[in-house]
Amino acid sequence: MNEQVDTPKFRYNAALACKIEAQWQDYWQEHGTFHAPNPVGDLADPKHPRSGAPKQFVLDMFPYPSGSGLHVGHPLGFIGTDVFARFQRMAGFNVLHTMGFDAFGLPAEQYAVQTGTHPRTTTEENILRYRAQLRMLGLGHDDRRSVATIDVDYYRWTQWIFLQIFNSWFDPSVNKARPIAELEAQLAHLPAAERNKIVDEHRLAYISEAPVNWCPGLGTVLANEEITADGRSERGNFPVFKRNLKQWMMRITAYADRLIDDLDDVQWPEPIKLMQRNWIGRSTGAFIDFAVGEESDQDLTRRPANIAEPPRESSKSAIKVFTTRPDTVYGATYMVLAPEHELVDKLVPAGWPAGTHGKWTTGHSSPAEAVAAYRLFTASKSEVERQADAKEKTGVFIGAYATNPANGAQIPIFIADYVLAGYGTGAIMAVPGQDERDWEFAEIFELPIIRTVEPPAGWEGKAFTGEGPAINSGMLDGLGVAEAKAKIIDWLESAKSGEGAVTYRLRDWLFSRQRYWGEPFPIVYDESGRAIALPDSMLPVELPEVADFSPKTFADDDAGSSPETPLSRATEWVHVTLDLGDGPRQYTRETNVMPQWAGSCWYQMRYADPSNDKAFIDPANEAYWVGPREGQQSGGVDLYVGGVEHAVLHLLYARFWHKILFDLGYVSSFEPYHRLFNQGYIQAYAYTDERGAYVPAEEVVEEQPGVYVWNGQKVDREYGKMGKSLRNVVTPDEMCERYGADTFRVYEMSMGPLEVSRPWETRAVVGAQRFLQRVWRAIVDETTGAATVVDTPADDATRRALHKAIAGIREDMFGLRFNTAIAKLIELTNALTKLPATPREVAEPLVVMLSPLAPHIAEELWRKLGHDETVTYQDFPVADPALLVEETVTYPVQVNGKVRARVSVAADADEETVRTAALAEVNVANPKKVIVIPGKLVSVVA
RNA sequence: GCGGGAGUGGCGGAAUGGCAGACGCGCCAGACUUAGGAUCUGGUGCCUUCGGGCGUGGGGGUUCAAGUCCCCCCUCCCGCACCA
């Protein structure tokens with residue numbers, strides 16, 4: 001190739017860019033350019049130019065270091081935060097920006113199972129590859145602060161935090177976590193066994209034998225958040241079954257209210273807040289007891305008020321329902337239990353009551369038979385089928401009646417799958433008049449419908465769910481919905497038939513996984529099987545070496561199988577003799593590991609104090625980097641950038657842990673991430689041939705609009721993710737080689753607003769390269785490599801253009817609008833290329849403003865302009881307001897909304913002058929009205 | 001079904017209620033070249049009888065002025081999905 005025959009020696013092309021970039025990356029590393037000083041500890045540095053300055057903590061959602069490395073979509077957010085962080089440094093802040101790795105997780109383990117390579121080996125190799133790729137992009141990270149969740153020094157503290165959670169309980173009377181010792185003291189009067197039982201039941205991390213999501217295909221249990229809507233595992237898409245298994249849970253439900261309410265104090269995108277609110281699903285209403293059979297004996301087990309869970313179970317003599325509309329109780333004409341509700345079997349009588357409606361029996365000769373048949377019917381339906389059938393209500397009468405506490409009416413009890421066992425109490429009072437589902441069901445089974453809220457005049461619909469006065473409701477008649485609710489709740493409480501209540505869709509967090517590659521629990525069991533926390537001195541509990549990394553997996557649909565953990569096979573590790581204060585004894589280790597979400601619940605705090613071996617973070621460092629501030633009461637990182645896919649999982653779990661640490665006094669902030677920003681995704685086209693096989697996207701050409709051809713054959717285009725199997729991956733490595741990292745960064749940032757997803761287009765990258773070339777050429781002689789700037793002052797127009805650019809770019813940078821900032825830099829540069837020589841007074845601010853976006857070329861140009869220091873800590877330019885005012889303004893003159901002329905007048909001309917000048921230009925005899933918008937336009941109404 | 005977001009040139013995208021299409025890609029023309037998938041310069045919404053007309057998913061409205069505000073409708077994307 002002779003492509004460079006005529007290329008000047010110092011043309012800014014890929015070869016030169018790569019050379020410059022490597023040099024500056026070395027410089028930054030040697031000089032620790034991006035080291036941010038801490039207030040205390042070994043990262044404190046009082047001599048640092050930003051020591052003690054106002055802080056900015058800029059955070060990326062840290063990546064899982066996958067084996068396939070980064071593609072061009074991954075760094076979009078990383079580059080965005082880097083640009084912002086570099087800008088903030090220039091704006092005077094002490095900026096913490098680094099990058100760690102969320103490195104526990106399934107892929108490395110699955111690879112280990114296949115190849116026998118230890119997950120640590122694979123993961124550490126992948127991390128090295130990621131670090132190299134990130135370095136190549138010129139990201140200004142403080143590398144001293146980079147941590148990986150698999151580092152023993154890191155997960156030691158993950159385990160320590162787990163112990164704090166295990167060793168605390170939630171006190172509803174103060175709505176916060178307290179040390180478990182305080183509960184033990186409160187129960188000191190009880191015998192040890194009983195006390196231990198109550199204590200263990202109240203821990204924020206506790207063991208429960210409860211229905212969990214068992215996934216035989218993965219050999220592990222999963223959290224609700226990890227299950228898709230059609231009841232399969234998010235990872236692997238295997239069927240998931242409800243099984244009663246003994247598992248670790250985290251009492252996230254105790255924080256449901258605070259997790260909702262504190263969203264008001266953070267600056268997050270509204271859709272994300274909404275998703276969290278919906279996921280938590282708070283409903284306010286009442287529990288109401290519907291008596292069944294003989295009168296009930298109200299035996300509520302009494303415990304000290306602040307440690308009792310509200311009694312949620314129905315008793316033998318009453319069915320407890322939850323409703324958000326207690327005001328409609330007079331309209332409850334029947335009840336529905338979930339088919340698997342525990343009371344069903346106790347309520348089913350031997351035979352159908354006399355006069356049972358023909359439709360209610362569904363043709364069966366006894367209630368027991370009807371119930372059994374219906375249960376079989378619902379159990380055979382998959383989750384998908386059940387949802388598809390949702391329109392068609394099914395159910396069966398169980399032969400028993402309950403008493404409506406409001407009016408004493410005897411109402412029939414049904415089971416139906418439109419009532420879910422897992423929500424509320426698994427039972428409802430059915431009010432067809434005000435509930436669409438109940439109406440549908442009532443129509444099918446010919447049940448009575450009583451309206452208890454008067455619909456508006458002319459209402460022709462069925463169930464009416466809106467506001468209106470109560471009717472047919474005894475003492476409630478005439479009241480609005482809100483007053484009726486309050487009144488009936490008072491009445492129910494005084495009649496001991498119910499109570500006001502709040503329920504949540506959120507369930508406790510299933511915290512154990514039957515995997516190898518995760519954090520071991522710092523827990524052992526004594527001979528009685530009680531879980532005992534290991535003392536801090538025994539941390540970390542390191543993962544043992546095992547021969548086989550795989551949990552036992554089963555056929556996808558083997559619902560009856562049981563989990564078997566990989567760690568349980570490390571028998572020497574499992575059975576230990578320890579002295580936990582009462583002499584050496586035999587203990588058995590917990591063999592589950594923590595879920596992948598554990599490590600990401602607190603990593604940002606470790607960034608702030610990465611090498612502290614006395615605490616997970618020093619309080620002074622915590623207060624400085626994430627403590628509360630004026631206008632930022634919650635505290636937390638200043639900017640957190642990542643994808644929407646973590647809207648409920650990671651973000652909810654991390655908030656939960658953070659609040660516990662706050663309650664226990666370890667942190668001063670009550671939210672981990674003050675401002676959240678969701679970056680869009682870079683998507684890509686993929687092409688399939690006739691057989692549906694993917695062809696290399698790079699080699700496809702568009703022969704005519706909409707006609708795509710590969711190797712002479714027509715192919716179909718689809719749009720979506722970038723992935724190996726889709727044969728459309730473009731890597732940052734390729735881009736850096738072909739254009740240089742700066743070009744790549746500028747291209748990614750110029751494609752559109754950071755929050756918007758957009759298609760990747762390799763051929764468009766050249767635009768960014770041309771821009772940087774023009775900047776280079778405006779300052780450097782392409783043949784000699786010397787700076788060509790002149791020290792003569794800029795002409796007035798150029799100077800004004802500069803200050804206009806400065807004002808706009810500064811604002812855009814603060815607002816994360818890098819695409820428009822780049823457009824303004826391009827405009828300024830294009831203005832410079834028309835000048836015979838670039839004045840230094842424009843070149844220098846241009847380089848400084850370019851540096852957050854294209855840091856390597858900016859450093860090089862800064863050096864060529866005669867500066868010895870890095871450009872990193874230069875002040876970002878500030879516009880001179882005097883130069884932002886134009887001397888003359890050209891007004892478009894509209895006549896009836898259409899531009900008919902333009903007039904130029906002095907910027908300080910008064911309205912009358914503008915008006916006269918405008919009217920002189922247009923031929924309008926007697927204008928009805930003339931509107932002058934100073935500085936904008938003149939509008940004439942003819 | 002409920003909730004949220006979005007529809008602007010061939011493409012990505014700009015526009016505190018004030019000149020729609022900044023900036024970039026592509027395309028067209030030209031320059032420099034043995035050459036161009038390099039670089040530079042100019043042009044580029046659509047239609048046009050060259051006067052102008054029409055244009056921000058569609059329809060109505062408010063206004064001197066609407067991509068932007070209000071009402072109705074359509075399409076696409078995301079979340080939740082019988083949540084009592």
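By convention in this document, chain letters (A, B, ...) are assigned in the order of the sequence lines, proteins followed by strands, and residues within each chain are numbered from 1.
Atom name C1', nucleotides B/G13 and B/A65: the rounded distance is 25 Å, in whole Å. Rounded to the nearest Å, the gap between the C1' atom of B/G12 and that of B/G58 is 25 Å.
Although no hydrogens or angles enter the test, the distance criterion places a donor-acceptor pair under 3.5 Å between the side chain of A/Glu226 and the main chain of A/Ala223. Of the possible polar contacts, one joining the A/Tyr334 side chain to the A/Asp438 backbone as a donor-acceptor pair under 3.5 Å is found.
Here B/G13 is the nucleotide among B/G13, B/G3, B/A84 with the atom lying nearest to any side-chain atom of A/Pro753. Distances were taken from every side-chain heavy atom of A/Arg505 (C-beta onward) to each of B/C40, B/A81, B/G13; the shortest belongs to B/A81. Of the listed nucleotides (B/C83, B/C23, B/C40), B/C83 has the atom at the smallest distance from the side chain of A/Leu420. For A/Leu274, counting side-chain heavy atoms from C-beta on, the closest listed nucleotide (B/U41, B/U39, B/G4) is B/G4. Checking B/U39, B/C82, B/C54 against every side-chain atom of A/Lys898, the shortest atom distance belongs to B/C54.
Between A/Asn830 and B/G24, a side-chain N or O to OP1/OP2 separation shorter than 4.0 Å is present. Using a 4.0 Å cut-off, no side-chain N or O of A/Arg277 falls inside it from OP1 or OP2 of B/G79. Put simply, A/Arg817 has no side-chain N or O that comes within less than 4.0 Å of OP1 or OP2 on B/A14. Note on A/Arg777: a side-chain N or O is less than 4.0 Å away from OP1 or OP2 of B/C40. Considering only side-chain N and O atoms, A/Arg770 lies under 4.0 angstrom from the phosphate OP1 or OP2 of B/U39.
Look at B/G9: its glycosidic torsion is within 90° of 0, and that puts it in the syn range. Against the 90° criterion about 0, the sugar-base torsion of B/G51 places it in the syn range.
Residue A/Arg738 is out of contact with every strand shown, counting any heavy-atom pair closer than 4.0 Å. The residue A/Val766 sits close only to the backbone: its heavy atoms come under 4.0 Å of sugar-phosphate atoms, none of a base. Among the atoms of the strands shown, none is found under 4.0 Å from any heavy atom of A/Val431. A/Arg763 comes within 4.0 angstrom of sugar-phosphate atoms only, judged by non-hydrogen atoms across all strands, and of no base. Nucleic acid contact class of A/Glu270 (heavy atoms, under 4.0 Å, all strands): none.
At least one side-chain heavy atom of A/Ile449 sits under 4.5 Å from a side-chain heavy atom of A/Trp439.
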Just the table, please: protein N/O against nucleotides 16-22 of chain B N/O, every pair under 3.5 Å.
unit_1 : atom_1 : unit_2   : atom_2 : d
B/C19  : O2     : A/Arg902 : NH1    : 2.6
B/C19  : O2     : A/Arg902 : NH2    : 2.7
B/C19  : N3     : A/Arg902 : NH1    : 2.9
B/A22  : O2'    : A/Glu827 : OE2    : 3.1

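Using cut-offs of 30° and 60° on the angle between ring planes, the pair A/Tyr423 and A/Phe322 is perpendicular. Taking the six-membered ring where tryptophan is involved, the planes of A/Phe441 and A/Tyr418 are tilted, since the angle between them lies from 30° to 60°.
Side-chain N/O atoms of A/Thr324 and A/Ser283 include no donor and acceptor closer than 3.5 Å. When only modelled atom types and interatomic distance are considered, A/Asp289 and A/Ser497 share no side-chain donor-acceptor pair under 3.5 Å.
On a pure distance criterion of 3.5 Å, a polar donor-acceptor pair joins the side chain of A/Lys393 and the base of B/C82.
Listed by chain and number, the residues in a side-chain hydrogen bond (donor to acceptor under 3.5 Å, both in side chains) with A/Trp776 amount to none (sequence neighbours excluded).
For A/Glu718, the CD atom sits in a packed shell: over 12 heavy atoms of surrounding residues, nucleotides or ligands are nearer than 6.0 Å.
Distance, A/Gln679 CD to B/G5 C1': 17 Å, rounded to whole Å. Residue A/Ile413 contributes atom CD1, which lies 22 Å from atom P of B/A84 at whole-angstrom precision.
With RNA chain B read from its 5' end, the first of the two nearest nucleotides for A/Val940 and A/Gly422 is the one closest to A/Val940.
Aromatic rings of A/Tyr747 and A/Phe744 (six-membered ring for Trp) have centroids beyond the 6.0 Å cut-off, not under it.
Taking a pair as Watson-Crick or G-U wobble with both distances under 3.5 Å, the runs of three or more consecutive pairs in RNA chain B are B:1-7 with B:74-80, B:10-12 with B:23-25, B:26-31 with B:39-44, B:45-47 with B:52-54, B:57-61 with B:69-73.
When the options A/Asp327, A/Val453, A/Ile450 are evaluated for a side-chain contact (heavy atoms from CB on, under 4.5 Å) with A/Gln434, the one that passes is A/Val453.
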